[in-house]
Amino acid sequence: MAVLRVKFTKGQRDKLAQVLWLLNWVSVVTGIILFSLGLFLKVEINKRRELMAEREIHSVPNMLIAVGLIACIINFVGGKICYDCVDTNKFLRWKLVMLPYIICTFFFTLCVLVGALMCYSMHGELEESLALGLSDAMRYYKDTDTPGRCFLKRTIDLLQIQFQCCGNKGHRDWFQIQWISNRYLDMSKQEVLDRLRSNIEGKYLMDGVPFSCCNVNSPRHCIQYQLTNNSAHFNYDYKTEDLNLWKRGCHQALVEYYTNIMHSIGLTVLLIWLFELSVLTGVRYLQTALENVLRQGDPESESDGWLLENSFVETARSNFNIIKNLGKCNQVDTIVNGDPNIDKPCTAHYGPDNVPPKQTPVAS
């Protein structure tokens, strides 16, 4: 029994073909949208690639770019097919192509769905990539004279100002690394030497943060040095004072930023998938309805269209049997016809007359 059988008149088939022709061109536009979204996400990731560790985070934008390009090609061909299907005679040239086209389009729509799901499943990899990348970038903050790292100070300062964040998870992350280069330390001061000697690794650690951590909305001047020393500042208590620094860590800020982008893209791709699925359903109805018209031999007659000619269970069983029988073909052929290399009499050839030579008796 056919699944979701619908009866079409000649006028309904023509109208369906025209609507599908228009929707395929709309789908070309959605393909361009998919391509643009993938390109936008790739650019946003590349903007801050110095702050991310090497992870498979580029798989999502690459997937969207590839799916967008394929969508433009598939739907362009689909528009041409639907345009010709208005005329039954023109449909004959596409008759053998439509079923493979529908199968390819079905797998394409699955790729669109996978792209949408990847936008929602990328959160874990993004968190890990940013956590490692930010930690490395902060360690190299002071290396303004080192080739390949000299730009990291500017990158982190702009990041903290733009996203109103400080450190990786918070401002105390700066207490654990040396973020001032030895080039700018006065080695003639005993305080500097004592601080360097007090650290096992010889690093100049202090309870201070870069200027970019300062909250510009705070009415008090920025306190960025000796943050834990209450006596160093007037009317100041480190434990109770609302510090005039950004409270949020940059890891949290960037994760929220990229998560919002990917969730928005994921929702858009999901809507495009539903649209593509509806277009594919219409093309399937058009194909089956036109094939039934050809079987009836009357272009003006009514015809049935369906999604599957048999039920889901029967279709699955039929496909399973086809696959199962493929493996048995060689075995059955061997049983019926016999193995050509077994039980074959050996025939000797003794020249053109095929006469065996006479045996020469051996003297005893």
Determine whether a donor-acceptor pair (N or O, by modelled atom type, separation under 3.5 Å) exists between the side chain of [X] and the backbone of [Y].
X: Trp273; Y: Thr109; value: yes
X: Gln12; Y: Thr9; value: yes
X: Asp207; Y: Thr228; value: yes
X: Ser129; Y: Leu126; value: no
X: Thr288; Y: Arg284; value: yes

Return the [atom1] to [atom2] distance between [X] and [Y], rounded to the nearest 0.5 Å.
X: Thr155; Y: Lys47; atom1: OG1; atom2: NZ; result: 13.0 Å
X: His171; Y: Cys213; atom1: NE2; atom2: SG; result: 9.0 Å
X: Leu16; Y: Leu23; atom1: CG; atom2: CG; result: 9.0 Å
X: Glu256; Y: Arg248; atom1: CD; atom2: CZ; result: 5.0 Å

Whether over 12 other heavy atoms sit under 6.0 Å from [X] [atom1]:
X: Gln190; atom1: CD; value: yes
X: Phe106; atom1: CZ; value: no
X: Phe163; atom1: CZ; value: yes

In one Ile/Leu/Val/Met/Phe/Trp/Tyr side-chain cluster, 4.5 Å: [X], [Y]:
X: Val28; Y: Ile33; answer: no
X: Phe275; Y: Val19; answer: yes
X: Phe175; Y: Ile177; answer: yes

Open item on the list: If the threshold is 4.0 Å, N to carboxylate O, is there a salt bridge linking Lys169 and Asp173?
Closed with: no
TODO: Salt-bridge test for Arg154 and Asp157: reply yes if a basic N is under 4.0 Å from a carboxylate O, no otherwise.
DONE: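 Here Arg154 does not pair with Asp157 in a salt bridge, since their nearest N and O are not under 4.0 Å apart.
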Task: Exercise: identify the closest heavy-atom pair between Lys42 and Ile65 - done: CD-CD1, 4.1 Å
TODO: Measure from the ring center of Tyr204 to the ring center of Trp179 and say whether it is less than 6.0 Å.
DONE: no
Open item on the list: With a 6.0 Å cut-off on the ring centroids, do Tyr141 and Trp174 count as close?
Closed with: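 Between Tyr141 and Trp174, the centre distance is under 6.0 Å.
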Open item on the list: Is Cys166 disulfide-linked to Cys250, taking SG-SG under 2.5 Å as the test?
Closed with: no
Task: Glu44 and Tyr257 side chains, donor-acceptor separation under 3.5 Å - done: yes
TODO: Determine, stepwise, if the pair Phe151 / Thr144 fulfils side-chain contact (heavy atoms from CB on, under 4.5 Å).
DONE: CA-CA 7 Å; Phe151 58 88; Thr144 53; over 6 Å; no
Task: Stepwise side chain to side chain donor-acceptor pair (under 3.5 Å) test for Asn46 and Arg49 - done: CA-CA 5 Å; Asn46 286 333; Arg49 63 182 181 275; 5.0 Å; no
TODO: With sequence neighbours excluded, tell me which residues meet ring pair (Phe, Tyr, Trp, His ring centres under 6.0 Å) with His123.
DONE: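 So His123 forms no ring pair (Phe, Tyr, Trp, His ring centres under 6.0 Å) with any residue.
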